[in-house]
Student: 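Have a look at this one before I ask anything.
Lettering of chains follows the sequences in order, A, B, ..., and the numbering in each one begins at 1.
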There are 4 protein chains.
Amino acid sequence: MLNRSILIGRLTRDPELRYTPAGVAVTQFTLAVDRPFTSNGEKEADFIPVVTWRQTAEACANFLRKGRLCAVEGRIQVRNYENSEGKRVYVTEVIADNVRFLERGEQQESTQSRDEGKQIDIADDDLPF
Amino acid sequence: MLNRSILIGRLTRDPELRYTPAGVAVTQFTLAVDRPFTSNGEKEADFIPVVTWRQTAEACANFLRKGRLCAVEGRIQVRNYENSEGKRVYVTEVIADNVRFLERGEQQESTQSRDEGKQIDIADDDLPF
Amino acid sequence: MLNRSILIGRLTRDPELRYTPAGVAVTQFTLAVDRPFTSNGEKEADFIPVVTWRQTAEACANFLRKGRLCAVEGRIQVRNYENSEGKRVYVTEVIADNVRFLERGEQQESTQSRDEGKQIDIADDDLPF
Amino acid sequence: MLNRSILIGRLTRDPELRYTPAGVAVTQFTLAVDRPFTSNGEKEADFIPVVTWRQTAEACANFLRKGRLCAVEGRIQVRNYENSEGKRVYVTEVIADNVRFLERGEQQESTQSRDEGKQIDIADDDLPF
DNA sequence: TTTT
DNA sequence: TTTT
């Protein structure tokens with residue numbers, strides 16, 4: 001009924017922009033979100049996959065790069081599919097409708113991007129990943 | 001740097017309470033979070049695993065049941081481990097520090113529960129799951 | 001750059017539906033949000049004004065009543081105006097774009113409402129309050 | 001029952017650090033949070049007062065300055081008091097338990113600060129403002 | 001002016 | 001493996 005996540009972190013790699021067969025832009029990247037207290041020497045960040053659509057996707061592809069800091073607002077989505085060995089695999093991603101660029105790049109002008117679109121017309125097998 | 005999720009949904013099953021070797025209470029359940037717009041007949045909920053610790057864990061085990069509505073506040077955690085076939089498996093869960101019971105059970109008195117504790121002293125292999 | 005609030009609470013009174021001169025629906029209500037720990041006998045809730053627009057406004061007016069529990073997602077807005085004595089008064093409200101009805105009323109069917117609209121065309125003096 | 005706000009914005013002035021009679025640190029500042037779409041030439045930011053306590057208060061006083069970008073996580077609090085003319089005045093603030101410094105200052109080392117404390121022992125008239 |  |  002309500003599903004809202006807000007993350008601030010850094011991109012682990014350059015974002016990947018693809019297009020669905022219907023021509024809709026989709027950008028994926030992974031955010032490294034440092035955990036607050038890691039008194040022990042253990043794992044200290046969560047690596048959270050983020051997916052953006054349409055204008056937001058294109059803005060992210062244009063303005064975000066590996067290592068860049070950004071804030072992401074969206075919802076947790078859990079997809080599942082059968083892999084080549086016939087096992088069900090669960091994929092959890094944050095579908096972001098709002099991304100804020102918190103560091104200025106070289107040619108960067110705008111620093112915000114909000115997806116106001118609906119995703120109703122996009123079938124699962126339309127996904128490029 | 002910042003990692004905050006808020007979910008409202010219903011438990012898909014009764015919660016499971018376990019204890020770490022060190023005696024710390026851990027409760028797990030899955031929330032079915034209905035998506036807002038599902039104009040097509042496709043999948044219409046995300047099933048999101050939730051983990052709670054200590055007092056919150058015990059309150060959830062006491063007061064939550066399959067089908068019950070609740071609100072959960074926490075952070076997204078991505079664990080990974082090597083499975084029996086030597087493949088790396090990623091598990092994404094919401095570690096909740098605040099759970100609100102939005103429906104009253106039979107013998108239920110209190111309807112809130114907030115975990116104020118630190119998790120620093122709990123090793124990964126302490127996990128009962 | 002980012003402004004997101006999520007509240008769960010009860011309406012202190014019935015919601016008030018009005019229309020701007022341009023015919024846009026606006027509903028206002030106040031949420032009583034109980035504070036978690038009030039060990040002393042002091043004040044124990046925050047009373048937070050909420051404003052909704054368009055479809056969400058009409059759904060709230062239809063389905064919400066005094067005492068009803070709901071979840072609200074939106075942004076904090078701080079307006080200010082000069083009062084009759086020439087003093088500047090600040091008004092803080094949560095402008096909600098998503099409201100979930102957490103209790104079922106009598107004739108209630110749907111229990112969700114999300115405002116997807118833009119507010120760009122609505123002037124400040126269009127406000128009915 | 002649930003009250004969570006996340007803001008990203010810039011300080012309108014240097015933060016103000018004070019101490020309660022009991023010696024507890026309190027820091028106040030105001031965040032200018034730009035609104036996403038302001039196609040018209042109207043008001044384009046919300047100015048939101050933020051209050052932090054204890055360690056977070058001291059870290060904010062040390063590391064934040066006018067114009068600096070930061071992220072704030074907390075709850076909306078509505079206080080009211082009677083002013084000198086006998087009128088009731090409402091003050092809305094975000095009580096932050098988590099502040100992230102998104103820009104590095106000169107001598108700045110740490111860039112995070114989370115208040116884990118309880119506020120139960122602090123009376124209202126303990127407030128320095 | 002406040003809700004269960 | 002999924003809830004109303």
Student: Would you check if C:Ile8 and B:Ile8 make a side-chain contact, meaning some heavy-atom pair closer than 4.5 Å?
Tutor: yes
Student: What's the shortest heavy-atom distance between C:Arg68 and C:Phe63, and which atoms?
Tutor: NH1-O, 3.4 Å
Student: Using a heavy-atom cut-off of 4.0 Å to chain D, what are the terminal contacting nucleotides of DNA chain E, in 5' to 3' order?
Tutor: E:dT1 to E:dT2
Student: Using a heavy-atom cut-off of under 4.0 Å over every strand shown, decide if B:Phe29 touches base, sugar-phosphate, or nothing.
Tutor: nothing
Student: Between B:Arg10 and B:Glu103, does at least one N-O distance fall below 4.0 Å, as a salt bridge requires?
Tutor: yes
Student: Indicate yes or no: at least one non-hydrogen side-chain atom of B:Ile48 is less than 4.5 angstrom from one of A:Val78.
Tutor: yes
Student: Could you tell me whether C:Gly67 contacts a base, only the sugar-phosphate backbone, or nothing, with contacts defined as non-hydrogen atoms closer than 4.0 Å?
Tutor: sugar-phosphate
Student: Before accepting this row, confirm whether a basic side-chain N of the pair C:Asp97/C:Arg4 lies closer than 4.0 Å to the acidic partner's carboxylate O.
Tutor: yes
